[in-house]
Participant: 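First, the structure itself, so that you have it in front of you.
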2 protein chains.
Amino acid sequence: MLREHNLKVTPQRLGILSILEDTGHISIEELFTFIRKDFSSISIATLYKNINFMLEVNILKEVKIPNSKSKYEISKDEHSHMVCRKCQKLEDITLCLDGVIEHASEKSGYSFDENALVLSGVCPQCQLA
Amino acid sequence: MLREHNLKVTPQRLGILSILEDTGHISIEELFTFIRKDFSSISIATLYKNINFMLEVNILKEVKIPNSKSKYEISKDEHSHMVCRKCQKLEDITLCLDGVIEHASEKSGYSFDENALVLSGVCPQCQLA
DNA sequence: AGGTAAATAATAAAAATTATCCTTTAGAAA
DNA sequence: TTTCTAAAGGATAATTTTTATTATTTACCT
Ligand SMILES: [Mn+2]
Ligand SMILES: [Mn+2]
Ligand SMILES: [Zn+2]
Ligand SMILES: [Zn+2]
(Lines give C-alpha, C1' and ligand atoms only; values in the text may rest on other atoms or scores of the structure.)
(Ligands and ions follow the chains in the order given, each with its own letter.)
Protein backbone atom coordinates (compact mmCIF):
# COMPACT_ATOMS: atom_id res chain seq x y z
CA MET A 1 0.00 0.00 0.00
CA LEU A 2 2.68 2.45 1.00
CA ARG A 3 4.83 1.71 -2.01
CA GLU A 4 1.91 2.19 -4.37
CA HIS A 5 1.72 5.78 -3.22
CA ASN A 6 5.45 6.43 -3.19
CA LEU A 7 5.67 6.47 0.56
CA LYS A 8 8.74 4.84 1.95
CA VAL A 9 8.18 1.72 3.96
CA THR A 10 9.46 2.53 7.43
CA PRO A 11 9.09 0.47 10.59
CA GLN A 12 7.07 3.28 12.13
CA ARG A 13 4.59 3.26 9.28
CA LEU A 14 4.27 -0.48 9.38
CA GLY A 15 3.68 -0.24 13.10
CA ILE A 16 0.94 2.32 12.65
CA LEU A 17 -0.76 0.27 9.96
CA SER A 18 -0.48 -2.88 12.01
CA ILE A 19 -2.27 -1.25 14.93
CA LEU A 20 -4.94 0.05 12.61
CA GLU A 21 -5.40 -3.46 11.25
CA ASP A 22 -5.82 -4.83 14.73
CA THR A 23 -8.10 -2.22 16.20
CA GLY A 24 -10.20 -1.36 13.18
CA HIS A 25 -10.91 2.16 14.35
CA ILE A 26 -8.73 4.22 16.66
CA SER A 27 -8.21 7.80 17.76
CA ILE A 28 -4.93 9.64 17.46
CA GLU A 29 -4.24 9.58 21.16
CA GLU A 30 -5.04 5.88 21.48
CA LEU A 31 -2.87 5.18 18.48
CA PHE A 32 -0.03 7.15 20.01
CA THR A 33 -0.31 5.16 23.23
CA PHE A 34 -0.22 1.88 21.34
CA ILE A 35 2.56 2.73 18.94
CA ARG A 36 4.79 3.82 21.80
CA LYS A 37 4.81 0.27 23.09
CA ASP A 38 6.68 -0.78 19.95
CA PHE A 39 8.48 2.48 19.22
CA SER A 40 9.04 4.07 22.57
CA SER A 41 10.73 7.11 21.08
CA ILE A 42 8.38 7.80 18.22
CA SER A 43 7.50 11.46 17.95
CA ILE A 44 3.91 12.63 18.05
CA ALA A 45 4.81 14.76 15.02
CA THR A 46 5.76 11.66 13.11
CA LEU A 47 2.40 10.16 13.93
CA TYR A 48 0.47 13.21 12.78
CA LYS A 49 2.53 13.55 9.64
CA ASN A 50 1.98 9.94 8.70
CA ILE A 51 -1.71 9.97 9.43
CA ASN A 52 -2.03 13.04 7.24
CA PHE A 53 0.03 11.54 4.44
CA MET A 54 -2.00 8.38 4.46
CA LEU A 55 -5.23 10.34 4.54
CA GLU A 56 -4.14 12.34 1.51
CA VAL A 57 -3.42 9.28 -0.57
CA ASN A 58 -6.53 7.55 0.75
CA ILE A 59 -4.81 4.71 2.53
CA LEU A 60 -6.72 5.87 5.59
CA LYS A 61 -10.13 7.33 6.29
CA GLU A 62 -11.17 9.64 9.08
CA VAL A 63 -14.46 8.83 10.77
CA LYS A 64 -16.04 11.90 12.34
CA ILE A 65 -18.27 10.95 15.22
CA PRO A 66 -20.87 13.12 16.94
CA ASN A 67 -19.79 14.22 20.41
CA SER A 68 -16.44 12.54 20.31
CA LYS A 69 -13.06 12.59 18.68
CA SER A 70 -12.35 11.32 15.23
CA LYS A 71 -11.19 7.81 14.69
CA TYR A 72 -9.08 6.52 11.83
CA GLU A 73 -9.29 3.34 9.83
CA ILE A 74 -7.66 1.67 6.87
CA SER A 75 -9.68 2.39 3.74
CA LYS A 76 -11.94 -0.42 2.68
CA ASP A 77 -15.17 -0.84 0.81
CA GLU A 78 -17.67 1.91 1.38
CA HIS A 79 -19.58 1.41 4.58
CA SER A 80 -21.40 3.24 7.32
CA HIS A 81 -20.83 3.38 11.05
CA MET A 82 -22.74 2.72 14.22
CA VAL A 83 -21.78 4.19 17.56
CA CYS A 84 -23.09 3.12 20.94
CA ARG A 85 -23.76 5.97 23.30
CA LYS A 86 -23.35 3.76 26.34
CA CYS A 87 -20.06 1.99 25.69
CA GLN A 88 -18.79 4.32 22.93
CA LYS A 89 -17.95 1.44 20.66
CA LEU A 90 -17.80 2.13 16.95
CA GLU A 91 -18.72 -0.55 14.45
CA ASP A 92 -18.97 -0.93 10.71
CA ILE A 93 -22.15 -1.72 8.88
CA THR A 94 -22.63 -2.13 5.19
CA LEU A 95 -25.84 -0.60 3.97
CA CYS A 96 -27.27 0.13 0.58
CA LEU A 97 -27.79 3.85 0.32
CA ASP A 98 -28.19 3.88 -3.44
CA GLY A 99 -31.88 4.66 -3.24
CA VAL A 100 -31.63 7.61 -0.88
CA ILE A 101 -28.58 9.02 -2.62
CA GLU A 102 -30.29 8.74 -5.98
CA HIS A 103 -33.29 10.49 -4.54
CA ALA A 104 -31.14 13.20 -2.98
CA SER A 105 -29.39 13.73 -6.28
CA GLU A 106 -32.64 14.19 -8.19
CA LYS A 107 -34.08 16.45 -5.57
CA SER A 108 -31.04 18.72 -5.30
CA GLY A 109 -29.23 18.53 -8.61
CA TYR A 110 -26.03 17.56 -6.83
CA SER A 111 -23.91 14.74 -8.15
CA PHE A 112 -22.57 12.78 -5.22
CA ASP A 113 -19.60 10.48 -5.02
CA GLU A 114 -19.15 10.07 -1.30
CA ASN A 115 -21.24 9.67 1.77
CA ALA A 116 -20.67 9.53 5.49
CA LEU A 117 -23.37 8.06 7.63
CA VAL A 118 -23.08 7.57 11.37
CA LEU A 119 -25.96 6.05 13.26
CA SER A 120 -26.06 6.65 17.01
CA GLY A 121 -27.88 4.50 19.49
CA VAL A 122 -27.42 1.63 21.89
CA CYS A 123 -25.67 -1.58 21.00
CA PRO A 124 -27.23 -5.00 21.71
CA GLN A 125 -24.99 -5.68 24.73
CA CYS A 126 -25.75 -2.34 26.36
CA GLN A 127 -29.47 -2.82 25.84
CA LEU A 128 -29.46 -5.67 28.33
CA ALA A 129 -28.31 -3.58 31.28
CA MET B 1 -35.40 29.27 23.34
CA LEU B 2 -32.79 30.46 25.79
CA ARG B 3 -35.31 31.01 28.57
CA GLU B 4 -36.76 27.54 28.09
CA HIS B 5 -33.38 26.13 29.04
CA ASN B 6 -32.69 28.53 31.90
CA LEU B 7 -30.06 30.40 30.00
CA LYS B 8 -30.10 34.13 30.57
CA VAL B 9 -30.96 36.23 27.59
CA THR B 10 -27.91 38.35 26.94
CA PRO B 11 -27.20 40.59 23.98
CA GLN B 12 -24.23 38.41 23.08
CA ARG B 13 -26.37 35.30 22.94
CA LEU B 14 -29.00 37.03 20.88
CA GLY B 15 -26.29 38.20 18.54
CA ILE B 16 -24.91 34.69 18.13
CA LEU B 17 -28.33 33.24 17.47
CA SER B 18 -29.17 36.01 15.05
CA ILE B 19 -26.07 35.24 12.99
CA LEU B 20 -26.90 31.55 13.04
CA GLU B 21 -30.39 32.35 11.81
CA ASP B 22 -28.99 34.40 8.96
CA THR B 23 -26.22 32.09 7.84
CA GLY B 24 -27.82 28.71 8.46
CA HIS B 25 -24.50 26.98 9.00
CA ILE B 26 -21.31 28.60 10.20
CA SER B 27 -17.95 27.68 11.66
CA ILE B 28 -16.65 28.98 14.97
CA GLU B 29 -14.09 31.24 13.37
CA GLU B 30 -16.56 32.68 10.88
CA LEU B 31 -19.03 33.22 13.69
CA PHE B 32 -16.40 35.01 15.74
CA THR B 33 -15.60 37.29 12.83
CA PHE B 34 -19.25 38.14 12.34
CA ILE B 35 -20.15 38.61 15.98
CA ARG B 36 -17.28 41.03 16.45
CA LYS B 37 -18.93 43.42 14.06
CA ASP B 38 -21.75 43.84 16.56
CA PHE B 39 -19.80 43.17 19.76
CA SER B 40 -16.30 44.33 19.06
CA SER B 41 -15.07 43.33 22.48
CA ILE B 42 -16.71 39.95 22.80
CA SER B 43 -14.35 37.32 24.10
CA ILE B 44 -13.63 34.17 22.16
CA ALA B 45 -14.14 32.32 25.42
CA THR B 46 -17.67 33.67 25.65
CA LEU B 47 -18.35 32.39 22.18
CA TYR B 48 -17.05 28.91 22.92
CA LYS B 49 -18.88 28.73 26.23
CA ASN B 50 -22.14 29.76 24.66
CA ILE B 51 -21.82 27.41 21.74
CA ASN B 52 -21.13 24.60 24.19
CA PHE B 53 -24.04 25.55 26.43
CA MET B 54 -26.40 25.67 23.51
CA LEU B 55 -25.12 22.37 22.19
CA GLU B 56 -25.71 20.74 25.57
CA VAL B 57 -29.31 21.83 25.74
CA ASN B 58 -29.81 21.07 22.07
CA ILE B 59 -30.52 24.57 20.91
CA LEU B 60 -27.67 24.03 18.46
CA LYS B 61 -26.32 21.17 16.44
CA GLU B 62 -22.78 20.53 15.29
CA VAL B 63 -22.34 19.35 11.72
CA LYS B 64 -19.14 17.40 11.24
CA ILE B 65 -17.96 17.62 7.66
CA PRO B 66 -15.33 15.46 5.96
CA ASN B 67 -12.09 17.33 5.30
CA SER B 68 -13.21 20.56 6.88
CA LYS B 69 -14.12 22.19 10.11
CA SER B 70 -17.38 21.72 11.89
CA LYS B 71 -20.24 24.09 11.32
CA TYR B 72 -23.02 24.92 13.72
CA GLU B 73 -26.71 25.42 13.15
CA ILE B 74 -29.85 26.05 15.12
CA SER B 75 -31.61 22.77 15.80
CA LYS B 76 -34.49 22.04 13.51
CA ASP B 77 -36.26 19.00 12.16
CA GLU B 78 -34.00 16.06 11.44
CA HIS B 79 -32.26 16.43 8.13
CA SER B 80 -29.15 15.50 6.24
CA HIS B 81 -26.45 17.59 4.61
CA MET B 82 -24.86 18.03 1.22
CA VAL B 83 -21.43 19.55 0.76
CA CYS B 84 -19.96 20.73 -2.53
CA ARG B 85 -16.32 19.92 -2.92
CA LYS B 86 -15.81 22.76 -5.39
CA CYS B 87 -17.37 25.74 -3.61
CA GLN B 88 -17.49 24.18 -0.13
CA LYS B 89 -21.09 25.17 0.36
CA LEU B 90 -23.14 23.20 2.84
CA GLU B 91 -26.85 22.69 2.32
CA ASP B 92 -29.69 20.94 4.03
CA ILE B 93 -31.71 18.16 2.50
CA THR B 94 -34.57 16.28 4.02
CA LEU B 95 -34.47 12.61 3.23
CA CYS B 96 -36.34 9.61 4.47
CA LEU B 97 -33.84 7.23 6.03
CA ASP B 98 -36.42 5.14 7.85
CA GLY B 99 -35.91 2.18 5.58
CA VAL B 100 -32.13 2.01 5.85
CA ILE B 101 -32.15 2.68 9.56
CA GLU B 102 -34.74 0.00 10.12
CA HIS B 103 -32.63 -2.36 8.09
CA ALA B 104 -29.48 -1.42 9.98
CA SER B 105 -31.25 -1.98 13.25
CA GLU B 106 -32.42 -5.45 12.30
CA LYS B 107 -29.05 -6.41 10.93
CA SER B 108 -27.05 -5.19 13.93
CA GLY B 109 -29.35 -5.35 16.91
CA TYR B 110 -28.67 -1.69 17.69
CA SER B 111 -31.51 0.62 18.53
CA PHE B 112 -30.87 3.96 16.88
CA ASP B 113 -32.22 7.34 17.74
CA GLU B 114 -29.97 9.64 15.78
CA ASN B 115 -28.26 9.76 12.46
CA ALA B 116 -25.79 12.01 10.73
CA LEU B 117 -25.52 11.79 6.99
CA VAL B 118 -23.30 14.01 4.89
CA LEU B 119 -23.26 13.58 1.13
CA SER B 120 -20.27 14.96 -0.72
CA GLY B 121 -20.23 15.89 -4.36
CA VAL B 122 -20.63 18.79 -6.73
CA CYS B 123 -23.50 21.25 -6.55
CA PRO B 124 -25.56 22.17 -9.64
CA GLN B 125 -23.84 25.55 -10.07
CA CYS B 126 -20.36 24.10 -9.94
CA GLN B 127 -21.26 21.39 -12.42
CA LEU B 128 -21.61 24.02 -15.16
CA ALA B 129 -18.01 25.20 -14.98
C1' DA C 1 -34.60 49.71 43.48
C1' DG C 2 -31.58 46.04 45.52
C1' DG C 3 -29.48 41.58 45.78
C1' DT C 4 -27.51 37.63 43.72
C1' DA C 5 -26.39 34.09 40.76
C1' DA C 6 -24.99 33.85 36.26
C1' DA C 7 -22.61 35.86 32.26
C1' DT C 8 -18.86 38.50 30.23
C1' DA C 9 -14.10 39.97 29.23
C1' DA C 10 -9.46 39.40 29.82
C1' DT C 11 -6.16 36.38 30.30
C1' DA C 12 -3.73 32.23 31.38
C1' DA C 13 -3.48 27.48 30.68
C1' DA C 14 -4.14 23.27 28.39
C1' DA C 15 -4.79 20.46 24.42
C1' DA C 16 -4.27 19.59 19.63
C1' DT C 17 -1.84 20.23 15.48
C1' DT C 18 1.73 21.91 12.52
C1' DA C 19 6.41 23.80 11.41
C1' DT C 20 11.45 23.80 11.80
C1' DC C 21 15.76 21.84 11.76
C1' DC C 22 19.07 18.55 12.36
C1' DT C 23 19.99 13.50 12.23
C1' DT C 24 18.98 9.08 10.44
C1' DT C 25 17.59 5.85 6.96
C1' DA C 26 15.13 3.56 2.90
C1' DG C 27 15.82 2.64 -1.46
C1' DA C 28 17.99 3.61 -5.86
C1' DA C 29 22.20 3.67 -8.42
C1' DA C 30 26.83 2.61 -9.07
C1' DT D 1 27.91 -4.26 -1.45
C1' DT D 2 28.90 0.33 -0.92
C1' DT D 3 27.59 5.02 -1.85
C1' DC D 4 24.47 8.75 -2.42
C1' DT D 5 20.43 11.40 -1.63
C1' DA D 6 15.79 12.56 -0.99
C1' DA D 7 12.65 11.38 2.27
C1' DA D 8 11.45 10.33 6.98
C1' DG D 9 12.16 10.46 11.93
C1' DG D 10 12.96 12.80 16.46
C1' DA D 11 13.20 16.74 19.26
C1' DT D 12 11.31 20.74 20.01
C1' DA D 13 9.32 25.21 19.01
C1' DA D 14 5.46 27.53 17.31
C1' DT D 15 0.54 27.79 16.04
C1' DT D 16 -3.94 26.87 16.54
C1' DT D 17 -7.87 25.47 19.04
C1' DT D 18 -10.30 24.99 23.19
C1' DT D 19 -10.92 25.31 28.10
C1' DA D 20 -10.10 27.20 32.84
C1' DT D 21 -9.63 31.08 36.03
C1' DT D 22 -10.89 35.32 38.04
C1' DA D 23 -12.43 39.87 38.60
C1' DT D 24 -16.15 42.73 36.87
C1' DT D 25 -20.61 43.40 35.00
C1' DT D 26 -25.44 42.34 34.23
C1' DA D 27 -29.99 39.81 33.74
C1' DC D 28 -33.64 38.98 36.31
C1' DC D 29 -36.03 37.74 40.58
C1' DT D 30 -37.99 39.73 44.72
MN1 LIG E 1 -15.22 1.70 9.46
MN1 LIG F 1 -28.45 21.75 8.54
ZN1 LIG G 1 -22.71 -0.43 23.91
ZN1 LIG H 1 -20.47 24.19 -5.61
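In what follows, chains carry the letters A, B, and so on, assigned in the order in which the sequence lines appear, proteins first and then strands, with residues in each chain numbered from 1. Because only heavy atoms are used, hydrogens play no part in the values below, and waters and symmetry mates are left out as well, while side chains stay in.
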Participant: Counting any heavy atom closer than 4.0 Å, what does A:Ile28 reach on the DNA or RNA strands: base, sugar-phosphate only, or nothing?
Facilitator: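 A:Ile28: no heavy atom of the nucleic acid under 4.0 Å.
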Participant: Would you confirm whether B:Lys89, through its side chain, and B:Val83, through its main-chain N or O, come within 3.5 Å as a donor-acceptor pair?
Facilitator: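 Here the side-chain-to-backbone pair does not exist.
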Participant: C:dT8 C1' sits how many Å from B:Ile35 CD1, rounded?
Facilitator: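 To the nearest whole Å, that distance equals 13 Å.
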Participant: Between atom CZ in B:Arg3 and atom P in C:dA7, what is the gap in whole Å?
Facilitator: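 Distance, rounded to whole Å: 13 Å.
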Participant: Does A:Ile19 offer a backbone N or O that forms a donor-acceptor pair with the side chain of A:Thr23 under 3.5 Å?
Facilitator: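 Between the backbone of A:Ile19 and the side chain of A:Thr23 there is a qualifying donor-acceptor contact (under 3.5 Å).
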Participant: Please give, in whole Å, the distance from D:dC28 P to B:His5 NE2?
Facilitator: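 Atom NE2 in B:His5 sits about 16 Å away from atom P in D:dC28.
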Participant: Where the side chain of B:Arg13 is concerned, which of D:dT12, C:dT8, D:dA7 is the nearest nucleotide?
Facilitator: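 Within the option list, the nearest is C:dT8.
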Participant: How would you label the contact of B:Thr46 with the nucleic acid (heavy atoms, under 4.0 Å): base, sugar-phosphate, or nothing?
Facilitator: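 Contact class for B:Thr46: base.
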Participant: Do the side-chain N or O atoms of A:Lys49 get closer than 4.0 angstrom to the phosphate oxygens (OP1, OP2) of C:dA19?
Facilitator: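 Answer is no, no contact under 4.0 Å.
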Participant: Measuring from the side chain of A:Ala45 (C-beta onward, heavy atoms only), which nucleotide among C:dT17, C:dA26, D:dA11 has the closest atom?
Facilitator: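 Nearest to the side chain of A:Ala45 among the choices is D:dA11.
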Participant: Using a heavy-atom cut-off of 4.0 Å across all strands, would you classify B:Thr10 as base, sugar-phosphate, or nothing?
Facilitator: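 Counting heavy atoms under 4.0 Å across all strands, the contact made by B:Thr10 is with sugar-phosphate only.
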Participant: Where each residue is assigned the nucleotide of DNA chain D containing its nearest heavy atom, which of B:Val9 and B:Ile44 is assigned the position nearer the 5′ end?
Facilitator: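 Final value for this comparison: B:Ile44.
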Participant: Specify the separation, in whole Å, of atom CZ of A:Phe39 and atom P of D:dA11.
Facilitator: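 Roughly 14 Å, once rounded to whole Å.
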Participant: Rounded to whole angstroms, how far apart are OH on B:Tyr48 and P on D:dT21?
Facilitator: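 Whole-Å distance recorded here is 18 Å.
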Participant: For B:Glu78 and B:Asn115, does a side-chain donor sit closer than 3.5 Å to a side-chain acceptor?
Facilitator: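 Side-chain D/A pair, B:Glu78 to B:Asn115: present.
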Participant: In terms of side-chain heavy atoms of A:Ser41, which of D:dA11, C:dA9, C:dT8 is nearest?
Facilitator: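 The nucleotide sitting nearest to the side chain is D:dA11.
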Participant: Does B:Gln12 reach a base, just sugar-phosphate, or nothing at all? Heavy atoms under 4.0 Å.
Facilitator: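 The answer is sugar-phosphate, as B:Gln12 gets under 4.0 Å only of primed atoms, P, OP1 or OP2.
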Participant: Return the value, rounded to whole Å, for the distance between atom CD of B:Glu56 and atom P of C:dA6.
Facilitator: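 One finds 15 Å between P of C:dA6 and CD of B:Glu56, rounded.
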Participant: Would you indicate, yes or no, if C:dA16 has its OP1 or OP2 atom less than 4.0 angstrom from a side-chain nitrogen or oxygen of A:Lys69?
Facilitator: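 Yes, because at least one side-chain N or O of A:Lys69 sits under 4.0 Å from OP1 or OP2 of C:dA16.
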Participant: Decide, yes or no, whether a salt bridge links A:Glu102 with A:Lys107 under the criterion of side-chain N to carboxylate O below 4.0 Å.
Facilitator: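 So A:Glu102 does not pair with A:Lys107 through a salt bridge.
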Participant: Which of the following nucleotides, D:dG10, C:dA26, D:dA27, is nearest to the side chain of A:Lys8?
Facilitator: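 Nearest listed nucleotide: C:dA26.
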Participant: Less than 4.0 angstrom between a side-chain N/O of A:Asn52 and OP1 or OP2 of C:dT18, yes or no?
Facilitator: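 Result: yes.
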Participant: Can you figure out which of C:dA10, D:dA8, C:dT8 approaches the side chain of B:Asn50 most closely?
Facilitator: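 Given the options C:dA10, D:dA8, C:dT8, the side chain of B:Asn50 is closest to C:dT8.
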Participant: So, for B:Phe53 and B:Leu7, which heavy atoms are closest and what is the spacing to 0.1 Å?
Facilitator: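 That would be CB-CD1, 4.3 Å.
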Participant: State whether A:Asn6 places a side-chain N or O below 4.0 Å from either non-bridging phosphate oxygen (OP1 or OP2) of D:dA7.
Facilitator: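 For D:dA7, neither OP1 nor OP2 has a side-chain N or O of A:Asn6 closer than 4.0 Å.
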Participant: Let me know the distance between CD of A:Glu29 and P of C:dA14, rounded to the nearest Å.
Facilitator: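 About 17 Å, once rounded to whole Å.
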Participant: Report, as yes or no, whether the 6.0 Å neighbourhood of atom NE2 on B:His79 holds more than 12 heavy atoms from other residues, nucleotides or ligands.
Facilitator: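 Yes, NE2 of B:His79 has more than 12 neighbouring heavy atoms, counting only those of other groups under 6.0 Å.
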Participant: Rounded to whole angstroms, how far apart are CG on B:Leu47 and C1' on C:dA7?
Facilitator: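 Interatomic distance, CG of B:Leu47 to C1' of C:dA7: 14 Å.
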